[in-house]
Amino acid sequence: MLEYTIRRITATIPVLFGIIFVIFSVLYLIPGDPALTIAGPRASEATVERIRTEMGLNQPFCKRFFTYVKNIASGNFGNSVLTGRPVLNSLCEKLPYTLKLACIAMFISILLGILMGIISAITRGKALDRLCTILSVTGISIPVFLSGLVFLYIFAVKLRWFPASASSLTMVKNPLLPFILPAFTLGIRSAAFLARIVRSSMIEVLNQDYIRTARAKGLNPWRILFRHALFNALIPVITVIGLDLSSYLNGSVIVETIFDLPGIGRFAMDAILQRDYPIIQGVVLIGAIIFIVVNLLMDLIYAWINPKIRDEMMGKSVA
């Protein structure tokens, strides 16, 4: 397992370097002058030239890129063009909100998704299975912005069970309360998709010979369901969970905007509207790093659960 872990970590290094190159290149190779965009159309040529010099735009591309990589390696993500603050400091302030939102959304997604998937699998073809299927298809079909607005109107405006925005973070006794609605909005779609994956995987596992053997031996049905069937059915589910967690951290722009959460998603949206290139680069880079780390962890868990996959990727013969 150690050799496999080292090999997987080593394989992520060129991927990360390639992502850094793409992030740097896209913003500086797109048509237009970033310095002129930042300065505004009415700025003087001297002002534009000063901004161009400060951003290093008058230097060769390769020199700018390696300077950018060197700065990232030292923890320097640059300064915001509009505020002048270090980008890394701003990201460290915003990241905890998004992490908290993603963790709660993931908990909701796993809890509802696995529960609905198991119920649907063991009641295949019955009323509960059809009900879970309808709920899953509905959850997948409704876009996040629509479900967010509906939840906001019903549970915050009408019923007043939850605060309507994160501006009340310091006004409520329970600091998690303002995150419940946005987390439910973010997690309900993933829960619906996860339920379909769990259902199909559980049905496949429940039809295996070793499950029939366990039943013939008279083992406890709950032990068969959770210890033998669910454990083996989770192998494809882990991949989906990893992708969902990465999407939560990188795709919370809409939810954070609707519920006024001061996280990275909303921070990125403001930077895009204001053309603050260093912040955009920093947000995309942090999101890419999180995506790589999460998928690396999912691969390691995947290999731990199913040693055959680890042996095949290591080039070992599998009996």
Decide, yes or no, whether a salt bridge links R212 with D209 under the criterion of side-chain N to carboxylate O below 4.0 Å. yes
Would you name the heavy atoms of P96 and C92 that are closest together and state the gap between them? CD-O, 3.0 Å
R266 and its side chain to side chain contact (heavy atoms under 4.5 Å, CB included) partner, picked from V253, D260, I254: D260
For the pair F155 and F162, name the ring-plane relationship: parallel under 30°, tilted 30 to 60°, perpendicular over 60°. perpendicular
Rounded to the nearest 0.5 Å, what separation is found between the CD1 atom of I289 and the CD1 atom of I286? 5.0 Å
I'd like to know if V69 and I280 are part of one continuous hydrophobic network [Ile/Leu/Val/Met/Phe/Trp/Tyr, side-chain heavy atoms within less than 4.5 Å]. yes
Compare every heavy atom of A191 with every heavy atom of I108, then report the nearest pair and how far apart it is. O-CB, 4.4 Å
Take I20 and F65 through the test side chain to side chain contact (heavy atoms under 4.5 Å, CB included) and record every step on the way to the result. CA-CA 9 Å; I20 293 175; F65 174 68; 4.2 Å; yes
Please determine whether side chain to side chain contact (heavy atoms under 4.5 Å, CB included) holds for the pair R215 and L206, giving the CA-CA distance in whole Å, both sets of side-chain angles, and the decisive distance to 0.1 Å. CA-CA 10 Å; R215 289 170 177 167; L206 288 173; 3.8 Å; yes
When rounded to the nearest 0.5 angstrom, what distance separates CD in E256 from CG in L186? 8.5 Å
Mind checking whether Y210 and V205 have side chains closer than 4.5 Å, heavy atoms only? yes
Please check if L135 and I110 belong to a single hydrophobic cluster, counting links between Ile, Leu, Val, Met, Phe, Trp and Tyr side chain heavy atoms closer than 4.5 Å. no
If you group Ile, Leu, Val, Met, Phe, Trp and Tyr by side-chain heavy-atom gaps below 4.5 Å, do I197 and M116 land in one group? no
Quick one: closest heavy-atom pair of Y97 and F179, and the distance? O-CE2, 3.6 Å
Single-linkage hydrophobic cluster L115~F107, side-chain heavy atoms < 4.5 angstrom: no
Hey, could you give me the CD1/CG distance between I258 and L181, rounded to the nearest 0.5 Å? 11.0 Å
Would you call R196 and I140 a side-chain contact if the rule is heavy atoms closer than 4.5 Å? yes
Is the closest side-chain donor-acceptor distance between R189 and S109 under 3.5 Å? no
Rounded distance [0.5 Å steps], CD1 in I279 versus NZ in K94: 9.5 Å
A side-chain contact here means heavy atoms from C-beta on lying under 4.5 Å apart; do L88 and N76 qualify? no
Once rounded to the nearest 0.5 Å, what's the spacing between atom OG1 of T67 and atom CD1 of I72? 11.0 Å
With a 4.5 Å cut-off on side-chain heavy atoms, are I292 and I19 touching? yes
Specify the closest pair of heavy atoms between T133 and S120, including all atoms of both residues, with the distance to one decimal. OG1-OG, 4.3 Å
To the nearest 0.5 Å, how far apart are CZ in F77 and CG in L285? 5.0 Å
Residue Q208 excluded, over 12 heavy atoms near CD under 6.0 Å: yes
What is the minimum heavy-atom distance between A121 and M202, and which atoms define it? CB-CB, 3.6 Å
Counting only heavy atoms not in F193, do more than 12 sit closer than 6.0 Å to its CZ atom? no
Between V87 and G282, the two heavy atoms sitting closest are CG1-CA, 4.2 Å
Do I119 and V198 belong together in a cluster built from hydrophobic side chains that touch within less than 4.5 Å? no
Determine the sole option in L101, I290, T98 for which the side chain to side chain contact (heavy atoms under 4.5 Å, CB included) test with I264 is passed. T98
Is the shortest distance from a Lys or Arg side-chain nitrogen in E93 or R85 to a carboxylate oxygen in the other one below 4.0 Å? yes
Sub-3.5 Å donor-acceptor pair from the side chain of R199 to the main-chain atoms of I118, do we have one? no
Determine, stepwise, if the pair F151 / I180 fulfils side chain to side chain contact (heavy atoms under 4.5 Å, CB included). CA-CA 11 Å; F151 293 151; I180 299 300; over 6 Å; no
